[in-house]
Amino acid sequence: MLTVLSYLMIIIFMFVIIKKKMSPFTALISIPLIFALIAAIAGLFPVPNPEVEDAFINNPSLFERITSLGEFAVDGVGQTATTGIMLLFAILYFAIMLNAGMFDPITEKMIRFAKGDPVKILFATAFISMVVSLNGDGTTTTLIVCTAFIPIYKKLNLRMMNLAVLIILMNTIMNLLPWGGPTARAISVLSLNDQEVIRALAPGMVISAIYVLGLSVFLGVRERKRVGIQELSEEDIQALTAAKSDEEQAMKRPKLFWVNLIMTITLIFFLVSGWFPALFLFLTGTVLALIINYPDLKQQKNRIQENAGDAVQVVILVFAAGIFMGLFTGTGMADALAQSLTTIIPESWGRAWGLITAVLSAPGTFFLSNDAFYYGVLPVLYQTGTQYGYTALEIGVASLLGQAFHLLSPLVAFIYLLFNLTGVDMGEWQKESGKWALGIFIIFIAVAAITGAAPIIK
């Protein structure tokens with residue numbers, strides 16, 4: 001029954017999002033809550049005993065089952081709280097840098113380099129996304145690439161959808177580096193050697209990166225046909241980069257450009273190094289940005305008030321995703337879904353367990369969090385795979401190939417930041433990104449099979 005509920009919940013959730021029947025925020029909270037209430041009324045899950053760790057209440061009442069949902073939701077929010085607060089200050093920091101005009105000279109130089117050619121701009125988008133994604137963090141990549149390129153896309157009337165798609169596709173590939181979330185989990189669960197894993201994944205990652213760079217050229221050519229190559233005179237460039245109002249101009253701090261740039265580069269360096277938590281870095285960076293650029297208390301208050309709206313829209317979605325995962329996990333629906341993924345495969349298909357693991361990892365990491373899939377499902381896939389002669393490394397690599405679709409999941413927190421910055425619709429973005437992500441998935445599987453990293457058939 002829990003398995004049926006879990007599938008129904010996922011299907012209905014995706015339907016209302018894709019068909020735009022509900023906003024992501026209301027859907028992330030209301031739909032899992034409805035199904036969790038059904039599970040509580042039907043008595044389908046145990047209720048944790050708050051007084052004894054790792055114990056459950058014997059014969060809990062309906063009231064106890066329903067009230068436990070609140071605890072599940074709070075636990076879920078607790079898992080995303082750090083990310084949500086970090087995003088709050090990250091958005092504020094880069095918004096202040098935009099207000100101060102730090103990106104204006106960068107935007108101007110990129111416009112001069114591109115000479116109004118969409119192909120060059122989209123290729124640069126993909127290439128810079130690839131480089132920035134080396135740190136394995138989607139939030140950092142989104143913030144840096146969007147703040148640098150959105151002004152250019154707006155000024156040249158390019159489709160924001162292309163920006164959002166290229167960022168996510170490149171981050172999908174680079175997220176497989178050993179310090180990225182999914183790979184680190186697979187390594188820890190199966191006790192793998194990180195160097196062996198990266199050697200197994202590297203060929204597919206390189207070819208996929210070339211594929212996305214090629215895609216950027218293809219999309220750029222399509223944009224070139226739509227808007228043309230805009231011949232920009234010096235007056236045009238100045239007009240494109242000029243402030244839109246006197247109030248906006250008053251916020252610019254051109255004399256502090258180098259101070260702001262050095263501060264931002266330093267912040268990014270510490271982010272990549274991992275010496276300090278991202279939350280601490282962005283919190284400190286926001287404080288310094290306000291003090292340096294807007295020492296007047298009234299100006300500081302105005303900057304926070306004007307930029308807080310964008311930040312809050314992202315943060316509430318992150319917390320909503322936490323509630324979704326808390327209810328989904330706490331009621332046992334996540335475990336039921338995970339188990340069903342490993343039991344629907346006939347034993348006669350065992351020789352193709354590498355391919356089966358790769359295929360299952362696509363919906364598995366889309367509908368479940370990385371923690372739920374790699375700590376809950378991967379051990380079962382591994383134990384089954386050993387019966388057919390597959391090694392831990394082969395199963396581990398196969399389980400990572402479905403990451404081609406993971407970042408399209410509504411459970412990934414930073415994608416709501418991407419939507420907020422670019423203004424793209426979630427459902428439309430999933431459809432557009434999904435068709436290109438399929439190419440990455442096919443490349444991953446084909447290269448892993450050719451190199452023997454994850455044999456299709458034993």
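Throughout, numbering of the chain's residues begins at 1 and tracks the sequence. Because only heavy atoms are used, hydrogens play no part in the values below, and waters and symmetry mates are left out as well, while side chains stay in. Only a predicted model underlies this, so the values are computations on that prediction, with no experimental measurement involved.
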Pro32 vs Ile323 side-chain heavy atoms within contact, under 4.5 Å: no
Do Leu401 and Thr357 have side chains that approach each other closer than 4.5 Å (heavy atoms only, starting at C-beta)? no
Nearest 0.5 Å, please: how far is CD1 in Ile38 from CG in Leu2? 11.5 Å
Can you tell me if CZ on Phe127 sees more than 12 non-hydrogen neighbours from other groups inside 6.0 Å? no
Plane angle bin for Phe149 and Tyr153 - parallel if under 30°, tilted between 30 and 60°, otherwise perpendicular: perpendicular
Met160 vs Leu421, test: side chain to side chain contact (heavy atoms under 4.5 Å, CB included). Steps then yes/no. CA-CA 9 Å; Met160 286 293 173; Leu421 293 174; over 6 Å; no
Less than 4.5 Å apart, any side-chain heavy atom of Asn302 and any of Tyr294? no
Just wondering, do Phe414 and Leu143 contact through their side chains at under 4.5 Å, heavy atoms? no
Say you draw a straight line from CG of Leu213 to CG of Leu169; how long is it, rounded to the nearest 0.5 Å? 11.0 Å
Check: Phe280 ring centroid to Trp275 ring centroid under 6.0 Å: no
So which heavy atom on Gly396 is nearest to which on Ala186, and how close? O-CB, 4.5 Å
Exactly one of Leu281, Leu288, Val287 should register a side chain to side chain contact (heavy atoms under 4.5 Å, CB included) with Thr284. Which one does? Leu288
Counting neighbours of NZ on Lys435 that are heavy atoms of other residues, nucleotides or ligands and sit closer than 6.0 Å, is the number greater than 12? yes
Does the ring center of Phe405 lie less than 6.0 Å from the ring center of Phe366? no
Tightest non-hydrogen contact, residues Trp353 and Gly385, listed as CD1-CA, 3.3 Å
Side chains of Thr264 and Tyr93: do they bring a donor and an acceptor to under 3.5 Å? yes
Could you walk me through whether Val145 and Met170 pass the side chain to side chain contact (heavy atoms under 4.5 Å, CB included) check? CA-CA 11 Å; Val145 178; Met170 270 304 184; over 6 Å; no
Is the shortest side-chain heavy-atom distance between Val217 and Leu122 below 4.5 Å? no
Could you tell me the separation between the CZ atom of Phe419 and the CG atom of Asp425, rounded to the nearest 0.5 Å? 8.0 Å
I want to check something: taking the side chain as every heavy atom from C-beta on, are Pro118 and Val227 in contact at a cut-off of under 4.5 Å? yes
Only counting residues at least two apart or in another chain, list the ones meeting side chain to side chain donor-acceptor pair (under 3.5 Å) with Ser409. none
Using a 6.0 Å cut-off, check whether atom CD of Glu71 has over 12 heavy atoms from anything other than its own residue. no
Test item: Thr286 side-chain N/O and Phe89 main-chain N/O as donor-acceptor pair under 3.5 Å: yes
Looking only at heavy atoms, the pair that brings Ile66 and Leu37 closest together is CG2-CD2, 4.2 Å
Determine, step by step, whether Leu290 and Ile304 satisfy the side chain to side chain contact (heavy atoms under 4.5 Å, CB included) criterion, reporting the C-alpha distance in whole Å, the side-chain angles of both residues, the deciding distance to 0.1 Å, and the verdict. CA-CA 9 Å; Leu290 283 170; Ile304 293 173; 3.9 Å; yes
Does Thr183 use its side chain to pair, donor to acceptor, with the backbone of Leu176 at less than 3.5 Å? yes
Ignoring hydrogens and geometry beyond distance, is a side-chain donor-acceptor pair present between Asn307 and Asn99 at under 3.5 Å? yes
Can you tell me how far CZ of Arg303 sits from CD1 of Ile96, rounded to the nearest 0.5 angstrom? 8.5 Å
Keeping the roles fixed (side chain from Glu223, backbone from Arg159), state whether a donor-acceptor pair exists under 3.5 Å. yes
Closest contact, heavy atoms only, Ile168 versus Ser433: CG2-OG, 4.0 Å
Is the backbone of Met205 close enough, under 3.5 Å, to the side chain of Ser208 for a donor and an acceptor to pair up by distance? no
Would you please test Phe45 and Leu69 for side chain to side chain contact (heavy atoms under 4.5 Å, CB included) and show each step? CA-CA 11 Å; Phe45 60 87; Leu69 300 183; 3.8 Å; yes
Check: Trp436 side chain, Leu166 main-chain N or O, donor-acceptor pair, under 3.5 Å: no
Do the non-hydrogen side-chain atoms of Arg226 and Asn157 ever get within less than 4.5 Å of each other? yes
Which heavy-atom pair separates Ala200 from Val397 by the least distance, and what is that distance? CB-CG2, 3.7 Å
Between Phe25 and Ala320, the two heavy atoms sitting closest are CD1-CB, 3.8 Å
Distance in Å, Cys146 SG paired with Asn420 CG, rounded so as to fall on 0.5 Å steps: 9.5 Å
If we ignore hydrogens and angles and just use 3.5 Å, is the side chain of Gln403 paired with the main-chain N or O of Leu400 as donor and acceptor? no
Rounded at 0.5 Å granularity, tell me how far CG in Leu408 sits from CE in Met426. 9.0 Å
Is the closest side-chain heavy-atom distance between Phe328 and Phe35 below 4.5 Å? no
